[in-house]
Amino acid sequence: MRYEPQRIEEKWFARFEADPKLYAAEPSTSKRKKYYVLEMLPYPSGALHMGHVRNYSIGDALARHMWMRGYNVLHPMGWDAFGLPAENAAIKAKVHPRQWTLSNIAHMKSQMKRLGYAYDWAKEVATCLPEYYRWNQWFFLRMYERGLAYRKKSRVNWCPECATVLANEQVVGGCCWRHETTPVEQRELEQWFLRTTNYAEELNAELEKLQGWPEKVRTMQRNWIGRSEGAYVNFQLAAPAGKRDDQISVFTTRIDTIYGATAVVLAPGHPLVEHLVGDDPELVGKVTELVAQQRKAKESGDLGAVEKRAVPTGKFAINPFNREKVPIWVANYVVMDYGTGAIMSVPAHDERDHEFAKKYGLEIRIVVLPRRMGDVPDADSGDSDVLPYTGEDSLLINSGEWNEMSCREGQQKMAEFAEENGFGKKAVTYRLKDWGISRQRYWGTPIPMLYCEKCGIVPVPEKDLPVVLPDNVEITLEGGSPLARVSEWVNTKCPKCGGNARRETDTMDTFVDSSWYFYRYTDPKLADRPLDTATIGYWFPIDQYIGGVEHAILHLIYSRFWTKVMRDMGIVKNDEPAARLFTQGMVIKGGAKMSKSLGNVVSPDDMIAKYGADATRLYTLFAAPPDRDLDWQDMGVEGVSRFLSRAYRFVTRHANAAAGAIPGQLSPEARALQRKLHQTIKRVSDDFAARWHFNTSISAIMELVNDLYAAEETIASGKVPAALVREINRNLVLLLAPLAPYVAHELWETLGETSSLLRDNWPKYDPALAKEDEIEIAVQVNGKLRSRLSVAADATEDQVRTRALADERVKAALDGKQIVKAIVVPGKLVNVVVK
RNA sequence: GCGAGAGUGGCGGAAUUGGCAGACGCACCAGACUUAGGAUCUGGCGGGGAAACCCGUGGGGGUUCGAGUCCCUCCUUUCGCACCA
């Protein structure tokens with residue numbers, strides 16, 4: 001029989017379709033252990049690409065494997081269905097975003113089904129439907145009540161291409177995350193924010209517990225949160241500033257070096273700058289220039305490379321520790337959005353301050369004893385090539401009463417001293433900012449807020465949810481939010497006073513949608529609540545989350561935040577959404593990411609048409625370990641297709657081998673096949689359990705099939721009992737089932753098996769049967785391979801050593817030299833050391 | 001600049017705990033079957049050498065009986081962060 005993937009896959013596709021319960025998760029009352037495997041939901045852009053296929057093939061193999069191992073598996077899929085591309089399509093093709101999105105969903109869903117993915121479609125979620133996004137609104141109102149959602153005017157990132165605001169997380173190297181060459185502008189706008197910073201400490205601390213997450217992702221999140229321990233210190237202005245605040249608060253992690261502070265430096269945007277500069281026209285001009293230049297640098301994303309520039313204000317501040325007057329400068333290397341926007345400059349012990357001081361001739365005062373390599377204090381501390389000395393494991397000098405204290409002790413004690421004396425306090429700062437979620441776009445969740453002429457900001461009452469997007473809207477990228485122009489929607493009555501009110505016309509960032517969709521999967525039709533706490537208690541945390549590393553910061557930090565908020569609301573019990581995270585590599589071709597402009601895109605549809613879904617999926621698993629990038633090679637698919645064909649032909653050719661008891665005594669040839677079978681089961685099982693290197697699993701199965709072909713004559717001669725042939729066939733099909741489900745189902749049926757291929761049947765290997773009787777031992781002389789011996793697997797070390805030393809080739813290599821010793825590594829080799 | 005990963009045949013990759021480098025697949029070569037082959041099957045396939053044998057996992061050094069694997073150092077490359085005080 002020839003392997004005809006199209007025929008097989010069409011046949012089974014129809015059968016799978018006819019059985020909608022096939023991949024349904026059992027309810028939380030199930031006696032089986034639960035397993036929640038989740039792949040990141042796609043944006044319905046139009047069609048699946050190979051990256052999707054790879055992601056979902058990994059998840060599907062795992063889900064099927066866990067079913068076969070007897071778990072109650074939840075394996076859902078949905079659509080991240082709000083977002084700008086739908087609006088762009090509306091402008092271009094004059095089609096409503098909803099229609100465009102829903103038809104894309106329909107198409108991509110059919111592609112997924114054609115690929116044979118085992119999703120429980122009854123759990124499907126599309127975030128653009130009111131039945132879903134009403135709960136975004138519900139959560140927003142709950143957060144508003146708890147003070148976690150608030151409105152403020154602030155400088156925000158604006159992408160001119162998207163015509164909307166971006167969150168900090170959506171700015172990559174100064175450009176928009178969707179438009180990598182479009183610099184982000186700064187605009188002053190009223191925006192809604194979620195208080196992610198309330199959870200900064202926990203989001204950071206809990207990274208420690210996420211042992212099932214890649215270290216890379218945890219590091220990226222740690223850097224993003226940017227926790228920093230230090231202290232605020234107030235420097236009094238030498239000349240009083242009248243009504244204004246007459247002190248400058250700086251943040252420092254090195255309060256121990258404060259005796260070395262020879263300047264206070266303000267960010268160009270610092271509120272005190274204007275006062276300090278006064279009306280000196282020359283100074284004002286220089287500072288204005290500095291402000292403009294810093295903003296330009298920020299927008300071009302060209303930070304770090306910018307040369308330090310500074311302007312002295314001519315004013316002074318007083319170091320509260322030693323009462324010294326230090327000059328106040330304004331410099332472009334101090335940024336307003338971190339700490340207090342002001343620093344104390346310690347040129348001797350900070351790289352940036354050092355560079356600054358050198359350029360502008362500021363005093364450089366050493367207050368920490370520099371140490372050379374090997375921790376030997378350097379007596380000649382005036383030696384300037386040790387500067388800046390930024391080490392913290394040394395002692396303080398030139399620091400008055402603090403001299404000879406260790407840096408670390410100084411950091412604690414001096415901060416306490418400042419606190420006791422009212423000019424400072426210990427503090428922890430974070431780089432993480434609150435999450436700005438307002439978007440000036442149409443295709444998103446309406447923010448359920450009203451602006452009443454009398455009552456001000458009024459939340460939409462819960463009973464009025466959802467606030468549904470109006471249909472008749474004209475979409476353009478100009479003139480602000482399209483919703484603002486739908487007057488019959490915008491104008492409404494205030495639920496408090498009945499007077500005139502306007503709706504909020506901004507919509508929510510689509511990352512809100514994806515922050516909790518995986519909870520909704522457990523009960524997507526639930527009508528009176530976003531989720532059922534008990535059901536969540538059963539399924540969560542997600543056992544395995546699988547997706548691209550590009551979401552390491554964005555989606556994965558928001559999801560963690562949302563989980564913690566829900567926990568504090570009492571509606572979920574888990575602290576973290578996912579116990580384990582796996583980030584698969586990209587699919588590239590010819591060393592570059594697949595893209596239309598490079599013309600190196602491989603379409604899943606074409607591959608399916610040519611080789612079938614099984615071969616397409618199998619290739620994405622075979623070509624590279626899942627965590628590495630996969631370099632697509634068209635000929636490679638050919639190879640796995642050939643392999644499936646060989647497996648198919650072997651099983652069908654021997655499908656009528658009768659079942660029965662396998663004799664304990666087998667011919668050596670039959671025994672070899674039996675051993676190979678059990679070794680293969682072990683290798684594949686181990687890969688699923690630990691490493692997920694499906695490329696080596698597939699290699700192992702290929703080896704088994706190669707051995708079967710090599711044994712065809714032996715089988716024909718009757719030396720292999722029919723019962724063993726059948727056993728091999730059965731297990732071969734079972735091993736293939738999670739990886740190539742269509743052909744596995746077909747062969748299962750061909751074998752006359754009637755039990756479910758999917759449930760409770762993962763094969764077990766017998767270690768005794770997998771064991772080799774005879775093993776080959778390498779014999780080295782001084783580490784060089786000289787011979788090989790075949791010995792019994794249970795031979796003792798002495799026996800092996802004796803055999804090795806008696807070997808002719810070894811003797812020749814020894815050539816009368818003196819044997820120092822012979823090292824025996826059981827089961828591996830003998831190394832004879834001579835001199 | 002800082003941090004993390006990667007570097008193995010013509011190519012994708014394997015070597016799971018320091019123990020026979022190159023499994024498996026692609027490409028290529030030879031043969032078989034065939035009217036035919038872009039089907040299938042069999043064999044070969046790191047480099048040098050007639051062979052014995054020698055060399056070989058980015059470069060250099062080290063530890064070890066033994067290193068792709070551990071340590072030091074340098075190079076290349078991918079990704080992340082980038083004045084974070």
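Lettering follows sequence order; numbering is per chain, from 1. We use all heavy atoms of the structure for the numbers below, so side chains are in, but hydrogens, waters and symmetry mates are not.
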Check: Rounded to the nearest Å, what distance is computed from the CZ atom of residue A/Phe622 to the P atom of nucleotide B/A14?
Finding: 10 Å
Margin query: Heavy atoms from C-beta onward define the side chain here; which of B/C24, B/G19, B/A85 lies closest to that of A/Leu829?
Written below: B/G19
Notebook entry, point to check: Between the base of B/C83 and the side chain of A/Lys308, is there any donor-acceptor pair under 3.5 Å?
Noted result: yes
Margin query: Just N and O in the side chain of A/Lys784: are any of them under 4.0 Å from OP1 or OP2 of B/C55?
Written below: yes
Check: Hey, does the side chain of A/Arg431 come within less than 4.0 Å of B/A82's phosphate (OP1/OP2), counting only N and O?
Finding: yes
Check: So, is A/Ser345 near the phosphate of B/A85, with a side-chain N or O under 4.0 Å from OP1 or OP2?
Finding: no
Next item on the list: Would you tell me if any nitrogen or oxygen in the side chain of A/Arg646 comes within less than 4.0 Å of OP1 or OP2 on B/C41?
Entry: yes
Item checked: Paired nucleotide for B/G18 [Watson-Crick or G-U wobble; both distances under 3.5 Å] -> none
Next item on the list: Indicate, with a heavy-atom threshold strictly under 4.0 Å, whether A/Lys593 touches base, sugar-phosphate, or nothing.
Entry: nothing
Note to self: Just by distance, no angles: are the side chains of A/Glu229 and A/Gln411 close enough, under 3.5 Å, to form a donor-acceptor pair?
What the structure shows: no
Checklist line | Of A/Trp224 and A/Gly783, the one whose closest RNA chain B nucleotide lies more 5' | finding: A/Gly783
Next item on the list: Report the residue (A/Asp629 or A/Arg683) whose heavy-atom-nearest nucleotide on RNA chain B is the more 5′ of the two.
Entry: A/Asp629
Item checked: Donor-acceptor side-chain pairing of A/Gln221 and A/Arg560 below 3.5 angstrom -> yes
Next item on the list: Output yes when at least one side-chain N/O atom of A/Arg642 is less than 4.0 Å from OP1 or OP2 of B/G38, else no.
Entry: no
